[in-house]
Each structure stands twice: as structure tokens, then as C-alpha cells.
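Chain A is the first sequence line, chain B the second, and so forth, proteins listed ahead of strands; every chain is numbered from 1.
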There are 2 protein chains.
Amino acid sequence: MNSRILAVAALAALLTFGTTPSEALNNDHLVYGYECQKGVCKKVELSEENFSKAISLPVCRLFCGEDIGTLWPKPTGAVELERLMKQVDVSNIEIKLLASRKKDNLWNNVENRWMDLIHAKIPSRKSLNNGGYELNIGVTLKEQHDGLPRLTLVTDESYNLSIDSAADGQVSVNITAENFFGARHGLETLAQLIVYDDIRREVQIVTKASIYDAPVYKWRGLLLDTARNFFPVKSIKRTLDGMAMVKLNTFHWHITDSHSFPFEVPKQAELYKLGAYSPRKVYSQEDVADVVEYGRVRGIRVMPEFDAPAHVGEGWQHKNMTACFNAQPWKNFCVEPPCGQLDPTVEGLYNVLEDIYSDMFKLFNPDVFHMGGDEVSVNCWNSSQSIRSWMNAQGWGLEESDFMQLWGHFQEKALERVDRVANGTRTPITLWTSRLTEAPFIDDFLDKDRYIIQIWTTGEDPKVKEILKRGYRIIVSNYDALYFDCGGAGWVTNGNNWCSPYIGWQKVYDNSLAKIAGDYEHHVLGSEAAIWSEQIDEFTLDNRFWPRASALAERLWTNPATNWRQAEARILMHRERLVENGIGAESLQPEWCLQNEDECPIDAYDAQN
Amino acid sequence: MNSRILAVAALAALLTFGTTPSEALNNDHLVYGYECQKGVCKKVELSEENFSKAISLPVCRLFCGEDIGTLWPKPTGAVELERLMKQVDVSNIEIKLLASRKKDNLWNNVENRWMDLIHAKIPSRKSLNNGGYELNIGVTLKEQHDGLPRLTLVTDESYNLSIDSAADGQVSVNITAENFFGARHGLETLAQLIVYDDIRREVQIVTKASIYDAPVYKWRGLLLDTARNFFPVKSIKRTLDGMAMVKLNTFHWHITDSHSFPFEVPKQAELYKLGAYSPRKVYSQEDVADVVEYGRVRGIRVMPEFDAPAHVGEGWQHKNMTACFNAQPWKNFCVEPPCGQLDPTVEGLYNVLEDIYSDMFKLFNPDVFHMGGDEVSVNCWNSSQSIRSWMNAQGWGLEESDFMQLWGHFQEKALERVDRVANGTRTPITLWTSRLTEAPFIDDFLDKDRYIIQIWTTGEDPKVKEILKRGYRIIVSNYDALYFDCGGAGWVTNGNNWCSPYIGWQKVYDNSLAKIAGDYEHHVLGSEAAIWSEQIDEFTLDNRFWPRASALAERLWTNPATNWRQAEARILMHRERLVENGIGAESLQPEWCLQNEDECPIDAYDAQN
């Protein structure tokens with residue numbers, strides 16, 4: 001423990017000072033600095049005496065205590081950090097692509113965004129001290145490919161990062177990765193090894209480091225429902241910004257629902273013209289392409305969901321292709337207003353679906369497609385005379401199993417249309433858990449090699465194992481840990497909403513997929529946190545996702561053996577980083593707890609003594 | 001019912017159209033309008049046929065169903081609204097002060113803000129149709145006074161508002177009030193009778209109206225704690241903006257706590273220099289004066305709280321005037337970290353307090369002063385050798401009652417210092433409920449004619465009646481309905497915070513003070529909702545307060561006999577008004593429920609049929 005203290009204390013003396021102690025103490029009214037004591041950063045009053053020893057909070061936290069500094073998510077491979085910082089000349093940073101790949105528009109966007117991350121650290125350009133080392137970043141991609149990089153279920157996202165300081169006033173960084181995605185992650189980690197020191201008013205970098213890193217789970221996502229309330233593109237982009245910072249790689253866009261249809265499908269213009277909340281609340285094809293590309297720059301697949309056969313309504317009102325649209329009392333026909341389900345017996349329906357699918361495949365080019373499939377109501381279909389007649393004509397009854405057959409029929413016919421627009425590939429299809437994913441229907445209708453099942457029941461639900469043991473791959477969104485809209489007021493009545501209480505970041509962090517999957521962990525692709533937006537819109541989006549989505553990100557990237565308590569001091573620092581980058585993340589604790597490491601937890605004293 | 005429908009249907013035909021039906025339908029891609037059917041606004045597709053009958057949502061809701069239109073809070077006196085709108089020429093609005101009072105800086109600010117309210121309704125100035133009636137607003141104050149208006153416990157906030165349309169192309173408005181505060185409320189109500197019609201792209205006003213209005217409760221407040229986390233002045237001003245819109249009149253500024261001391265006291269500079277989270281996180285005297293004046297323009301008293309003897313810490317560390325500062329394990333000495341209490345036995349303490357009080361009285365000129373007084377820990381004082389010795393020297397023991405005597409001693413000596421700086425007035429003092437407000441201590445130490453007690457236990461706590469029956473005036477902040485920070489994650493450990501779950505607006509709306517006070521309702525000054533900011537900062541401030549604070553506002557202004565269900569459709573409209581004015585209010589329901597009145601509640605169908 002002592003050697004660590006000495007090392008940290010020593011480093012300040014090695015820095016090139018742009019500010020003398022008394023300048024810093026007087027001109028800036030700076031009062032506090034930090035010292036590493038027993039592995040904890042302690043706030044100390046600055047004085048002429050301790051000034052050379054004291055360091056700023058972000059510098060102290062990089063080295064003091066946990067070995068991984070303030071990195072979020074924790075790397076999974078070996079990490080070596082030398083406890084020494086050097087000033088970086090922010091006007092003298094260069095990123096070079098060392099392989100044959102040319103710097104295209106994508107790489108220019110990656111670079112610009114990365115420079116924004118660095119500049120966001122500086123509270124005021126005016127008072128930044130000039131000078132410092134040149135920073136040369138070399139990026140090598142082992143995989144040669146043409147065209148736009150595309151994330152898939154087999155993409156290798158690993159990277160190697162090394163930092164070295166030559167004698168010639170340069171710091172050089174090497175990032176090596178299989179492909180674009182790994183390289184991007186490496187840059188993200190590098191950005192976290194660069195901090196602003198408010199005592200010396202300069203940007204500093206770790207002088208020597210070596211990190212190997214790769215994610216544990218392939219599918220690391222957030223779901224946003226843009227149908228219950230509309231989200232401007234700007235707010236979606238903010239979400240993608242946050243995701244990039246923590247290496248989340250999937251934005252699951254639940255773009256339509258019974259409440260509204262804000263997705264432009266030119267061939268089926270009525271859907272969005274009648275279905276949008278207003279003419280301004282439509283995602284044009286241009287908007288969607290913009291979001292997809294914005295995601296790519298950030299290493300994120302943007303995956304569309306077209307939820308069917310339930311969860312449709314607005315936009316379809318004149319098509320005669322739905323049942324129970326806005327039926328009242330709604331509680332008899334659906335789980336929330338307005339009700340609405342596609343009528344699988346209308347032959348023309350599948351042409352309309354094909355038009356929707358076609359635009360989705362064109363714009364998103366998805367490696368996995370989501371067909372929804374949740375909360376189908378038998379009562380809804382059963383309320384339609386024409387559906388009942390059609391079923392009679394097939395010689396079916398009107399029992400639940402008959403309606404399940406109707407659903408299976410829908411799913412098969414809809415899938416045919418997906419396959420028709422999917423450029424000849426058999427794109428993996430995700431469906432939500434439902435009655436259809438239970439025996440015997442799952443065996444009857446869903447091919448395990450084709451379908452991925454997204455779990456939204458609780459983590460302990462025995463149905464999860466039933467699905468896993470059949471060999472399906474799963475994505476975990478157990479609502480008791482990953483539905484981030486839980487815990488608000490009721491909205492169809494008073495009290496609280498159905499899945500209250502609010503889920504703290506601690507529960508998200510500790511939501512072990514390995515525990516949920518048991519012996520079938522190899523079938524778990526990963527996990528998604530969801531915002532269903534009945535009571536959330538652009539004004540509360542950030543604080544609902546962040547920093548809880550960061551807790552999820554570390555669970556998925558790192559799958560830590562330790563629990564939230566070990567990540568607490570680090571997530572407080574990380575939350576400040578989100579805010580610095582324009583994301584209105586929720587405050588987890590009083591700022592006092594950020595400044596006074598490990599003084600707030602109820603068990604802190606017991607743990608230390 | 002039928003006559004109402006006809007009246008509303010008829011009004012559209014009487015409007016001067018700046019847009020032809022086909023222009024509106026084609027150029028704007030406008031799809032929907034509204035019709036009043038059976039007292040409910042129904043969304044209808046626009047067509048050449050129904051265009052002259054269809055009206056925009058805000059216009060429809062003004063007249064359809066409830067008689068009070070979309071006013072929030074509901075007026076308490078007689079309201080007459082004629083079901084007819086006229087276009088207002090927004091470049092031709094004049095406000096005249098008809099009494100002898102000259103238009104000073106305050107009135108100019110009131111006017112400018114009011115014009116901002118009107119302009120906020122217009123989505124795009126570019127597409128606004130020109131023309132319309134001149135709007136002349138005359139304001140008469142009956143009370144003559146010099147200097148700045150000051151809200152007190154006896155201020156009459158009533159107003160009369162009448163709107164009349166002359167034949168000469170003018171709409172004239174008369175607002176008569178006893179004083180500035182009533183007149184300001186009248187303007188606020190007027191702003192709510194002016195709406196934007198997106199079909200005709202014009203601003204419209206109710207052509208004839210007469211409203212008498214006055215609040216039921218005198219004290220209608222919000223509390224913000226700026227010590228657990230810091231709030232920039234800009235975010236505080238946003239809060240005051242929202243308060244003005246719903247006629248809340250008290251901003252209770254819990255400005256300091258043990259976590260930080262962000263209030264500039266020049267004579268005691270160490271307090272804020274050491275006590276602030278950073279040099280930028282201090283409210284300078286200029287900032288405070290700015291907030292106080294910003295409040296006055298909006299009819300709001302800004303009342304400071306200096307919480308003592310507990311809830312002090314940061315800033316005091318070198319004064320030797322505190323006990324148990326940041327003692328660990330904290331749970332033995334206080335309710336949350338960091339601990340800290342003033343040491344009442346240090347003679348010099350009272351001079352420091354006088355300096356704090358002096359600046360607070362100078363800057364706030366409060367008609368009521370808050371001295372805190374909550375959560376004193378006997379263990380904390382008992383952990384100090386010097387306190388124990390002092391108590392021994394008085395011949396006291398070390399029982400709880402002895403420490404209560406110490407607290408009483410502190411309160412008396414501190415009050416003397418308040419009186420010394422209070423310009424010769426005996427300013428009413430508010431204290432939180434605590435052990436000190438229970439028998440026998442309340443009788444020993446707190447004069448009922450001097451002290452107001454702020455209740456923060458549950459509404460059903462029998463202690464409330466104990467206080468009331470002694471004759472104290474109370475302010476109600478029962479945590480089970482009015483602590484707006486409840487329902488988040490835990491922050492000293494996992495799980496949820498102490499007062500979970502989240503409190504919905506419905507519970508706030510139904511929190512009847514009359515029920516809490518029983519026979520002593522006349523002793524209830526009013527109520528405050530509180531944001532304790534351990535887990536809230538500028539990024540979540542708006543959505544934590546709004547629109548729940550609006551629900552409180554109607555409870556206090558109107559004290560409605562009906563419950564939340566009758567206010568539901570109206571608060572959805574009101575929430576949009578908050579957002580329009582830059583307040584990031586939480587979304588209560590899918591936008592679908594706003595657009596489809598009364599289709600969402602689980603009991604809606606039963607109630608209608």
C-alpha cells in the first residue's frame with residue numbers, strides 16, 4: 001500500500017507546471033486538491049506546502065485504489081498503467097490509420113467525435129495552459145474490407161491499446177484491432193485515459209499503458225420506444241452518444257406501436273400520415289438513414305423492430321386490416337390503450353407488411369430483425385366476426401390453441417415477406433417471449449435456428465430455462481432489472497405503474513446473465529435495457545437511461561465477478577463524464593460523495609476498519 | 001348537452017380565416033382537427049367538408065366539457081366564458097397601468113415576461129397569419145403604495161378579470177386587483193385564455209369572459225435544497241417560471257446543509273470558500289438578489305432557510321463551533337453523511353450566525369424566516385467532551401431532556417440574533433417538526449405566536465393535531481405526498497430510497513390539507529412540496545417538480561372538492577404549456593391520451609356509459 005501512495009505523491013513533481021502554486025491558489029480561488037491515502041482519494045485543502053503533492057480528482061482516481069483507474073466499462077484483459085501523467089498539447093493530436101484502409105467519411109466522423117470527447121473535458125479553453133506533448137495515435141485494422149463496416153453476431157470487437165512516451169516530446173499510442181469496431185472501442189478507452197487537471201489547468205495523459213480488451217457478451221443494447229411518445233432525432237443521437245462512451249453496441253428501435261406510426265413508408269403513406277402524432281413527428285427516410293450512420297460512427301447497430309401482430313393501431317384505421325382498434329373498454333382487449341391487432345386473415349395485409357419490411361431492410365440493413373410478437377390478445381381477434389368466420393372456414397375451433405394457430409399462421413406468412421426483402425439472406429429474427437414462445441407453440445411455429453427469443457419476464461421465471469434448453473439463443477431484458485420506465489406514477493389510474501418500484505443502478509449492475517441462464521450461458525447473446533415511453537419523452541430520456549445504461553454496459557462488456565459496491569466510486573466519476581458530454585444523466589448521490597470517496601456508503605466505515 | 005355542442009361547432013364559422021381549407025390541408029400536411037362531442041374533444045380527420053367545423057385541440061378544450069376551460073389552477077369564484085374566439089394581432093397588444101402607479105422596472109419585467117408567455121404559444125413566427133384584433137389590457141391596482149411590493153401572510157391576492165370585444169376591432173381586458181400580486185395573477189389567467197390554433201395558424205382569445213378569483217391558502221410553495229447538489233441560477237429561475245404559471249407564491253430556499261455551504265457571506269468568507277463544492281458553485285450576493293427580484297416579478301416570495309443546529313458541516317471545519325463533523329460510522333451520529341451539528345456552547349458561534357442572518361435579511365427581506373431545526377442527534381452532541389463539560393457546569397445531566405434543553409438554549413440565543421438583524425420586527429419563524437415540536441419541549445421553548453411549524457411527517461401522524469390544538473400555525477409538507485425526491489434508488493446502499501415509492505401527481509392533487517388539519521383548518525397557512533437534492537441536480541430538477549408542483553398549486557389555490565380524475569384531461573394540456581415555456585416537465589401519459597380525451601383511464605368507459 002505504501003509504495004502506491006509514494007508513487008502517486010511523486011508524480012505531481014514530475015509534471016511540467018504551467019501554473020505556479022500561488023497563481024493557482026489565488027487566481028482561481030482553488031481551495032481543494034486530492035491525495036491518495038490508503039487507496040482512497042482524500043480531499044485536502046491546498047496550501048503552498050502541499051501544492052506540489054496534491055492532484056486533481058480525476059488524476060487521483062486514475063491511479064489510486066482499483067487498478068483500472070476510472071475506465072468504464074472495465075477491460076476484461078490485462079491492464080498495465082504507469083502512474084505518471086504528461087501534459088498533452090490538444091492542438092497537436094493526430095490519428096493515423098496505419099493499415100491500407102483510407103480515411104473515408106466514416107473515419108473522419110470517428111476522429112471528429114473523438115476530438116469532441118477530449119475537448120469536452122476542458123471547462124474553459126481560455127484558461128487552458130498551453131504546451132505539452134504531441135500525441136500521435138496509430139490505428140491498425142487487421143481485417144481488410146471494402147465498404148461500410150457492419151456489426152454482426154460474429155464480429156470480433158477486441159482491441160489492443162498501448163501508450164508509450166518517447167524522449168522526443170511525443171506520446172505515441174497504438175491501437176490494434178481486427179476491425180473498425182474494435183478500433184473504435186480502443187479510441188474510447190484512450191479518451192478515458194486522458195483527463196483534465198484543474199490544478200494545473202492542463203490536459204494530461206497516462207504516459208505508459210498497455211491494455212487488452214474484448215467484450216464478454218456480443219449483444220449489448222438499449223431499446224427505445226418512439227411510438228408511445230415521440231423522440232426528436234436529436235435526443236436519439238444523444239442516446240447513441242452515451243452508448244458509444246460505454247461500448248454498448250445495439251440500439252433497438254421500437255419505432256411503431258398502436259399509439260402512433262412515426263416511420264415514413266413512402267409506398268404506404270397513410271400509415272405515417274394518419275399514424276403520426278403530428279406531421280412534424282415523423283422519422284423521414286433521411287432521418288432514419290442519419291440515425292443509422294450516426295450509430296455506425298459510434299460502433300452501434302441500429303436494429304428496427306416492427307412489432308406485430310399486436311401493438312398496431314394508429315395509421316391502419318382505414319385499411320380494414322386490424323381487429324379491435326381502439327376498442328373500449330380497452331382492458332377487455334389489450335394491456336393498455338389504444339388496442340389494436342393485425343387481422344391475419346386479410347390477404348392484402350402481407351403486401352403492406354412487405355412494403356414496411358422493405359423500407360426497413362433498405363434503411364437499416366439489419367443483421368438481426370425484430371418482429372415483435374408480444375401481448376397478443378385472443379379476445380381481440382375473437383371479437384371480429386370476419387376472423388371467426390375465416391377460422392370456421394379452415395375447420396378450426398375458437399379455443400386458445402386455435403388462435404395460437406392463427407398467430408403461427410401470421411408469423412409464417414409475415415416471415416416469408418421478410419425473407420423476400422432480405423436480399424436472399426435468412427436474417428435471424430427476434431421475438432419477445434409470449435404465449436407463442438411456450439410449449440407446445442414454440443415447437444410448432446418457431447425454428448430454433450432462425451429465431452432469437454428476447455426475454456422480458458423476470459430473471460427467475462422458469463420459462464427462461466424452458467426456452468434455453470430447446471436450444472434457442474436469447475437476449476435478456478428481464479423487466480425486474482432492465483425496464484427503465486418502471487417506478488413512475490400510474491397512468492391509466494393512480495398509484496404506481498405496473499412494474500414499480502424504480503430500479504436502481506445497483507440492481508442493473510448485479511443482474512447476472514450467467515445466473516439467469518444457468519447451464520445454458522452459451523446461448524445468451526447478451527442483454528438490452530428498455531425504455532417504454534408511455535411516461536417518458538425527450539425531457540426525461542437522458543436521466544432514465546443514464547447512468548443506469550452504463551451499469552448495464554459494464555455487466556455486458558466485463559461481466560464482473562464483483563458487485564455494485566466495488567463499482568460505486570467509479571460510476572460517480574463516470575456519471576460526471578456523461579454530463580460533460582451533454583447527456584443529462586441522473587445524479588446518483590450528493591456531490592459530496594463524489595468528492596469524499598467512500599465516506600457515504602452505510603457500510604463504508606465497517607468495510608474500512 | 002346539445003346546445004353546448006352547437007355553440008362550439010358554430011364558433012369556427014365566425015372566425016376570420018387567414019387560411020383556406022385546402023391550403024391548410026395541403027400545405028401544412030395537417031391531418032387532424034377536433035370536434036366537441038358529448039362534452040369530450042374528439043379527434044377527427046380534416047376534410048374539405050368538416051374543415052369549417054373542426055377546431056384545434058387547445059380551442060376545443062377551452063370550451064368543451066368542463067366549464068373552466070383549460071385554466072390551471074381552477075379559479076375559485078364565478079367564471080363566465082363566452083364560447084367564441086377572435087384572432088389577436090400579437091404585434092398589437094398593449095398593457096396599461098390604469099391607477100396612479102407608474103410603470104417601473106418591475107412592471108416592465110412583468111410585461112415582458114407576459115409577452116414571452118404569449119409568444120411561446122406560437123410554434124413558428126414565419127407561418128403565423130397576420131391580422132386580428134388589437135388587444136388592450138388595462139390593469140387597476142386599488143392599493144396605493146410606494147416602493148417594491150412585498151408578499152406577506154395577509155396579502156390579498158384576489159383579482160377580477162373581464163374580457164370584452166368592442167365593435168371597433170378591439171378586444172379589451174380589464175384586470176382589477178387590490179395590489180401587484182393579484183394583478184399579476186390576473187395576467188397569468190389571461191395568458192391561459194389566449195391560445196394558438198394550428199388549423200388557422202393564428203393566436204386567438206376568448207372574446208367575452210368574466211372571472212373572479214382568489215386563492216384558498218396563503219402559503220403555496222416549493223422547497224429546493226441547493227446544498228446536497230448545487231443548482232445553477234438558471235435552473236432556479238426555470239423553477240420560478242413554472243411557479244408563476246400556476247400561481248405558486250413561495251420559493252423556500254434550503255440554501256445550505258452539512259454537505260455544502262454555497263451562500264456568499266462576505267464577513268464569514270471561510271464558510272462558502274471552504275464550504276462550496278467548487279469556487280463556481282457559490283451563490284454570490286448578486287446572484288441571490290437576482291433570484292429574489294426574479295421571484296418578485298413572478299409574484300413569488302423567496303424565503304431563505306438557514307438550517308441549524310443540525311445540518312451544518314462543510315465550511316465550518318476550522319471554526320471549532322461544530323460537533324461530530326463527518327464522524328464515522330455516520331449512522332451513529334446523523335441520518336445521512338456527512339454528519340455535523342453546531343455546538344451551542346461556543347459563545348462565538350452566535351456572532352457568526354448573526355453575520356449569516358444579517359446577509360439573509362439584507363438580501364431576502366423575508367416576511368417569514370426559516371430556522372430549520374430538524375434531525376438533531378443527541379448522540380452527536382453527546383460525543384463532544386466540551387459539550388458534556390459545559391452541560392455539567394450548568395448542573396445538567398446527560399439525558400435526552402438535558403440535550404433538548406441545550407437545543408432550546410440554542411434556539412433562544414439564535415433567535416435573539418435574528419431579531420437583532422430584522423429591522424426591529426419580530427419576524428415569524430418557521431421550524432420543522434422534530435422532537436423539539438413535541439410536548440413538553442414545544443411548550444417550553446416555542447412561542448405559538450412566534451413560531452410556525454412545518455409538518456414533514458405523514459398526513460395521518462397524530463403529532464400534527466397535537467401541534468394544531470396548541471394554536472400553532474402550520475405549513476404542510478407531509479413526506480408521503482409532498483417529498484418529490486421519493487422513489488429513486490438507494491444511495492447509501494442499494495434498493496430504493498427511504499420514502500419510496502415515487503409519488504404520482506394524483507396523490508399530490510388529492511392531498512387535502514383540510515383532512516389533515518380536521519377542526520383546525522384555519523391554522524393551516526398552506527403547503528410546500530420539497531425537493532431534497534441528494535439524487536437530483538439541474539438535469540432532473542424540472543421533471544421532478546413538474547407537473548406535480550402544478551397539482552399542488554391547484555390543491556392550494558382552489559382546494560377542489562373533486563379529485564384527480566376530474567383534473568386529468570386538463571393537466572395533460574397544462575403539461576404541454578409548461579414544456580412550451582421551456583420547462584422539462586415529465587410526460588404523464590402517451591401523447592395519444594392527450595389527443596384522445598378520456599380514452600385512456602381504466603375506468604373511462606364505465607364512467608361514460
Does one side chain, of His259(A) or Gln595(B), offer a donor that lies under 3.5 Å from an acceptor on the other? no

Between Leu594(A), Asn596(A), Asp542(A), Val579(A), the one whose heavy-atom pairs under 4.5 Å with chain B are most numerous: Val579(A)

Any non-hydrogen side-chain atom of Gln535(A) less than 4.5 Å from a side-chain atom of Leu588(B)? no

Please classify the contact of Gln506(B) with chain A as side chain, backbone, both or neither, using a heavy-atom distance under 4.5 Å. side chain

Quick check on Pro123(B) against chain A: is it the side chain, the backbone, both or neither that has a heavy atom closer than 4.5 Å? neither

Do Glu599(A) and Gln328(B) meet the criterion of a side-chain donor-acceptor pair at a distance under 3.5 Å? yes

Pairwise side-chain contact, Thr540(B) with Phe539(A), heavy-atom cut-off 4.5 Å (strictly under): no

For Ile583(B), is it the side chain, the backbone, both or neither that has a heavy atom under 4.5 Å from a heavy atom of chain A? neither

Where does Glu314(B) contact chain A at under 4.5 Å (heavy atoms): side chain, backbone, both or neither? side chain

Under 3.5 Å side-chain donor-acceptor pair for Gln589(A) and Glu534(B): no

Do Arg280(B) and Asp198(A) meet the salt-bridge criterion of a basic N to acidic O distance under 4.0 Å? no

So, do Trp491(A) and Cys593(B) sit near enough that their side-chain heavy atoms are less than 4.5 Å apart? yes

Pick from Leu274(A), Asn543(A), Asn326(A), Ile503(A) with the largest number of heavy-atom pairs that fall under 4.5 Å of chain B: Leu274(A)

Non-hydrogen atoms of Ala489(A) and Gly504(B) that approach each other most closely: CB-CA, 3.4 Å

Taking Trp330(A) for the side chain and Cys600(B) for the main chain, is one N or O donor matched with an acceptor at less than 3.5 Å? yes

With a 4.5 Å cut-off on heavy-atom pairs, point out which of Ala227(A), Gly488(A), Ser500(A) contacts chain B the most. Gly488(A)

Looking at side-chain heavy atoms only, is the closest gap between Cys486(B) and Tyr502(A) below 4.5 Å? no

Counting heavy-atom pairs under 4.5 angstrom with chain B, the leader among Ile536(A), Asn497(A), Asn229(A) is Asn229(A)

Quick one: does Lys507(A)'s side chain have a donor or acceptor within less than 3.5 Å of a partner on Gly495(B)'s backbone? no

Between Asn496(B) and chain A, with a heavy-atom cut-off of 4.5 Å, which part of the residue counts as in contact: side chain, backbone, both or neither? side chain

Salt bridge between Lys273(B) and Glu45(A), side-chain N to carboxylate O under 4.0 Å? no

Of all residues at least two apart in sequence or in a different chain, which pass the ring-ring contact (aromatic ring centres under 6.0 Å, His included) check with Tyr32(B)? none

Tell me, for Thr493(B) versus chain A, whether the close heavy atoms (under 4.5 Å) come from the side chain, the backbone, both or neither. both

Salt-bridge test for Lys281(A) and Glu591(B): reply yes if a basic N is under 4.0 Å from a carboxylate O, no otherwise. yes

Applying ring-ring contact (aromatic ring centres under 6.0 Å, His included) to His311(B) and not counting sequence neighbours gives none

